[in-house]
K.L.:
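Got a structure for you, written out below as structure tokens; questions coming shortly.
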Amino acid sequence: MLDKTWRPQEVEQRIYEAWEQAGYFRAGRVDGDPYCIVIPPPNVTGSLHMGHALNNTLQDVLVRWRRMKGQDALWQPGTDHAGIATQMVVERMLDREGTSRHDLGRESFVDRVWSWKAESGGTITNQLRRLGASCDWSRERFTMDDGLSAAVRKVFVELYKQGLIYRDKRLVNWDPKLLTAISDLEVEPTEQAGHMWHFRYPVEGEDGAFITVATTRPETMLGDTGIAVHPEDERYKALVGKFAVLPLVGRRIPIVADEYADPEQGSGAVKITPAHDFNDFEVGKRCGLEMINILDAHARLNENVPEAYRGLDRFKAREKVIADIDALGLLEKVDDITHTVPFGDRSGVVIEPWLTDQWYVDAATLAKPAIAAVEDGRVQFVPKNWENTYFEWMRNIQPWCVSRQLWWGHQIPAWYGPDGTIFVELTEAEAQAAAAAHYGAPTELRRDEDVLDTWFSSGLWPFSTLGWPEKTPELARYYPTDVLVTGFDIIFFWVARMMMFGLHFMDEIPFRTVYIHALVRDEKGQKMSKSKGNVIDPLELIEEFGADALRFTLSAMAAQGRDIKLSPQRVAGYRNFMTKIWNAARFCEMNGCVAVPGFDPASLKLPVNRWIAGAVAAAVSQVDRELAAFRFNEAAGAVYRFTWNTFCDWYLEFAKPLLLSNDESAAGETRATAAWVLHRILLMLHPFAPYVAEELWQRTGGDGSVMLQSWPETDFLDADADREFGFVIGLISEIRSLRSETNVPVKAEMAAHFPEADATHQGWIGTNWELISRLARLSGMETTMPKGQGAAEIVVDGLRVVLPLADVIDIDAERKRLAREVDKLDGEIARIEKKLSNESFVSRAPEHVVEQERERKEEATAARTKLGAALKRLSAA
RNA sequence: GGGCGCGUAGCUCAGUGGGAGAGCACUACGUUGACAUCGUAGGGGUCGCUGGUUCAAUCCCAGCCGCGCCCACCA
């Protein structure tokens with residue numbers, strides 16, 4: 001006997017363990033067409049947040065559904081080493097211990113990270129298990145596994161040898177806290193209040209003449225090597241070719257003409273600091289200006305500035321420069337402005353453009369086939385509008401800086417000879433062999449200390465996890481994968497890189513569909529992130545409401561195109577839904593409804609059973625269609641509505657009298673039907689709420705595990721039964737509404753008169769009288785007009801239904817109700833008549849629309865006549 | 001500056017070229033042997049504003065207002 005409520009906490013983990021041990025998540029169990037999703041690998045040392053919960057729920061829905069459809073589904077799991085993020089976590093731990101990675105040294109530090117990974121790496125995967133994620137854990141991968149690391153090296157070496165990876169000295173985004181380069185994508189431009197300082201630079205040889213420049217970063221003036229003006233700017237034409245004298249430094253700096261200078265901006269003259277500004281770097285190259293690096297790695301002023309400033313932090317230096325310029329009388333003015341300042345997304349400090357040697361990927365070349373694959377539809381984004389975002393970025397893609405000055409990650413397979421010659425090889429031995437060949441003798445080599453950007457290895461994920469570069473059977477069978485499910489925030493970081501690498505190395509797209517889901521935001525609409533500390537813990541929701549409730553909530557809210565703001569109340573609502581299903585099953589159990597082998601809806605006799613069998617078949621096929629189109633919310637909604645509003649609210653109520661009936665054939669048929677429909681519900685529920693589906697499946701006589709069942713497609717519909725129950729439900733609803741509106745006491749019973757019923761209506765009422773009378777609380781059925789004064793009247797499906805007052809109805813309320821109904825119908829009739837009398841409508845609207853309006857008018861008119869007469873009689877009484 | 005999206009019931013949000021929806025909240029009634037994590041009934045919206053296209057616009061188009069996000073740039 002089922003308990004009164006579903007207690008997920010007690011069974012979820014047991015069910016999950018049974019599934020996993022039985023091997024139900026494993027790929028290759030069936031011969032069907034392959035279906036593959038690779039998980040967006042979470043950070044190995046991370047923990048589950050709402051974004052993961054949504055992302056993995058949707059993947060699990062797809063995978064479980066496809067398995068039921070007979071496909072050989074592989075959901076490939078794994079985790080990401082998350083270079084910067086993980087290194088920072090461990091560094092913070094060391095800091096608390098009063099030590100640092102530099103104290104430990106590289107090797108010990110990396111060992112320490114590995115042991116932290118061993119310690120905490122299982123957290124996130126265990127949390128995914130709590131959620132119910134049916135990943136093939138036997139194939140779990142980690143981006144720093146031997147195999148995946150080999151793939152990384154091979155990709156690096158090949159790209160290098162193809163000229164698509166190169167070393168270059170240029171400005172990078174330098175993080176002065178983490179002491180590493182970062183990519184453009186890791187920089188967060190942030191709007192801030194700031195100042196624009198206007199400095200006067202004396203013009204050389206022209207006594208008392210100044211040229212005014214403006215800057216938001218006064219300290220950089222110590223590295224100025226020129227001043228640019230627009231070539232067409234009349235104000236400055238005479239100065240081009242002359243020199244200014246840089247205050248505080250004394251350096252002669254040329255005044256050059258360059259189109260970069262905007263006459264509309266500030267004074268029209270712009271100071272050029274080529275070593276510390278991306279635009280100035282370009283101007284400097286064009287105009288042959290000197291590049292003077294004035295900062296060290298910590299963004300302190302270095303030896304290239306006058307002694308007074310050396311060693312100062314950049315912000316201290318700023319204050320001093322301003323004060324000193326002011327003291328010289330060269331500070332023209334200071335404006336308050338708001339401007340955008342680049343911050344490191346991990347470190348939260350201001351990023352410096354800094355001149356260093358780094359490794360770059362020629363992304364523009366790799367992007368071309370990746371753009372084409374989306375253009376020609378081989379890869380489709382859902383929703384489609386994300387393709388614009390993808391194109392926009394890919395078509396303007398910049399060289400990708402892939403080297404990081406970190407210790408945790410894939411060390412770059414590059415070795416340097418004593419003279420700086422670079423040897424890029426898969427192994428040190430190969431590098432040494434190459435060096436020996438190059439130099440004619442064995443030579444001492446120094447390995448590049450840098451590691452690769454984390455996204456370099458994640459970019460290989462769809463094929464590296466399947467065994468590449470080995471030619472494995474899995475790679476042949478599951479690549480290209482089918483769907484990638486992810487948030488739009490990593491389209492650039494990850495999706496674009498997988499496209500580029502997949503097409504380059506596999507010569508084939510990595511996935512056919514990219515499903516972009518919403519972001520789960522906090523209540524202010526802010527993106528949730530660890531560093532902001534605004535994450536909501538899905539585990540708490542799971543503990544309170546169960547994984548199924550959370551999964552169902554996320555599925556139901558995953559409409560395309562809008563972000564999700566989650567409220568626990570909503571999850572509670574879907575927890576109630578789980579309880580509802582549980583109790584429907586409990587009802588079936590209590591009434592002996594057990595699944596009958598070989599049940600065939602076509603052999604059903606009772607219209608009520610034929611009706612519900614058709615309705616569940618329609619619901620199943622709708623869920624199927626919606627999932628095929630990635631409309632998770634519609635799919636979940638269809639399950640919800642059918643289960644609650646159709647099966648529980650109507651069918652089970654109809655079933656009650658039948659189950660208690662002496663007519664054993666009717667009772668038996670209804671028991672079998674209820675059990676059959678319940679099982680269909682559990683099956684279509686399974687992708688969304690697998691735990692409750694499994695528990696109920698097994699406890700209501702289901703065969704084996706719900707996970708092993710086929711998707712319950714049934715081609716059954718009895719249109720007559722459908723119409724019949726449309727009428728029955730309408731009749732009951734109308735009578736209930738009448739009772740309520742005319743203040744009929746709940747316990748009072750009334751007889752219903754159907755004086756004008758035709759054979760069809762009579763038949764429908766007759767066969768279903770028991771159901772109708774029970775749900776509408778009717779004491780009897782007559783085919784005559786009631787005797788006596790006054791009666792309430794309604795019209796259902798054109799049928800006049802008369803309910804004698806019998807002292808139970810509030811006559812005044814009934815008069816008002818009728819008057820309201822008549823008014824409403826008059827309004828509707830007028831609206832339709834206006835439409836139908838419009839010549840253009842009749843001639844131009846499709847025939848079926850016109851016909852529909854005519855039918856509506858007819859119906860409304862008939863009802864209006866009957867209710868009008870009823871009102872008249874009642875008023876006379 | 002370029003792009004994307006949003007504005008629908010008190011709240012959170014679905015949805016549609018042809019009779020405005022859900023959940024929660026609210027009101028009234030209700031423990032008939034599945035479920036009070038429930039049932040029945042009900043109130044509540046000029047579908048942001050203004051134009052246009054159309055026989056017909058909440059939906060398509062344009063402009064505007066308000067909000068959010070992404071990209072680029074800002075001496």
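Letters A, B, ... are given to chains in the order of the sequence lines, protein chains preceding strands, and every chain is numbered from 1.
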K.L.:
Taking protein heavy atoms under 4.0 Å as touching, what does nucleotides 41-47 of chain B look like 5' to 3' if B marks base contact, S marks sugar-phosphate-only contact and - marks none?
P.N.:
SS-----
K.L.:
Applying side-chain contact (heavy atoms from CB on, under 4.5 Å), can you list everything that pairs with A/Lys857, at least two apart in sequence or on another chain?
P.N.:
A/Ile832, A/Glu833, A/Leu836, A/Thr861
K.L.:
Looking only at the side chain of A/Phe488 (C-beta and beyond, no hydrogens), which of the listed nucleotides B/C69, B/U37, B/G30 gets closest?
P.N.:
B/C69
K.L.:
Please evaluate the base of B/A72 for a donor-acceptor partner in the side chain of A/Gln398 within a cut-off of under 3.5 Å?
P.N.:
no
K.L.:
Using side-chain contact (heavy atoms from CB on, under 4.5 Å) as the criterion, list what pairs up with A/Ala675, not counting sequence neighbours.
P.N.:
A/Cys593
K.L.:
Which residues pass the ring-ring contact (aromatic ring centres under 6.0 Å, His included) test with A/Tyr574, not counting sequence neighbours?
P.N.:
A/Phe552, A/Tyr640
K.L.:
So which pairs with a foot in residues 730-747 of chain A pass side chain to side chain donor-acceptor pair (under 3.5 Å), sequence neighbours left out?
P.N.:
A/Ser737-A/Glu741, A/Glu741-A/Arg820, A/Asn743-A/Asp810
K.L.:
Tell me, for nucleotides 1-6 of chain B in 5' to 3' order, what letter each nucleotide earns: B for a base near a protein heavy atom under 4.0 Å, S for only sugar-phosphate near one, - for neither?
P.N.:
---SSS
K.L.:
Just checking A/Gln9: does its CD atom have more than 12 heavy atoms from other residues, nucleotides or ligands closer to it than 6.0 angstrom?
P.N.:
yes
K.L.:
According to ring-ring contact (aromatic ring centres under 6.0 Å, His included), who are the partners of A/Phe343, at least two apart in sequence or on a separate chain?
P.N.:
none
K.L.:
Among residues at least two apart in sequence or on other chains, which ones pass side-chain contact (heavy atoms from CB on, under 4.5 Å) with A/Cys648?
P.N.:
A/Lys580, A/Ala584, A/Leu652
K.L.:
Is a salt bridge present between A/Glu589 and A/Arg586, judged by a nitrogen-to-oxygen distance below 4.0 Å?
P.N.:
no
K.L.:
Checking A/Ser661 now: which residues fulfil side-chain contact (heavy atoms from CB on, under 4.5 Å) with it, not counting sequence neighbours?
P.N.:
A/Asp663
K.L.:
Could you list the residues that satisfy ring-ring contact (aromatic ring centres under 6.0 Å, His included) with A/Phe492, not counting sequence neighbours?
P.N.:
A/Trp393
K.L.:
Give the dot-bracket string for RNA chain B, reading 5' to 3', where a pair is Watson-Crick or G-U wobble with both distances under 3.5 Å, ( ) marks pairs inside the strand, [ ] marks pairs crossing earlier ones, | marks a partner on another strand, and . marks unpaired.
P.N.:
(((((((..((((....[..)))).(((((.......))))).....(((((..]....))))))))))))....
K.L.:
OP1 or OP2 of B/C38 versus the side-chain N and O atoms of A/Lys4: is any pair under 4.0 Å?
P.N.:
no
K.L.:
Base, backbone or nothing for each nucleotide of nucleotides 16-27 of chain B, written B, S, -, heavy atoms under 4.0 angstrom, 5' to 3'?
P.N.:
--BB---SS---
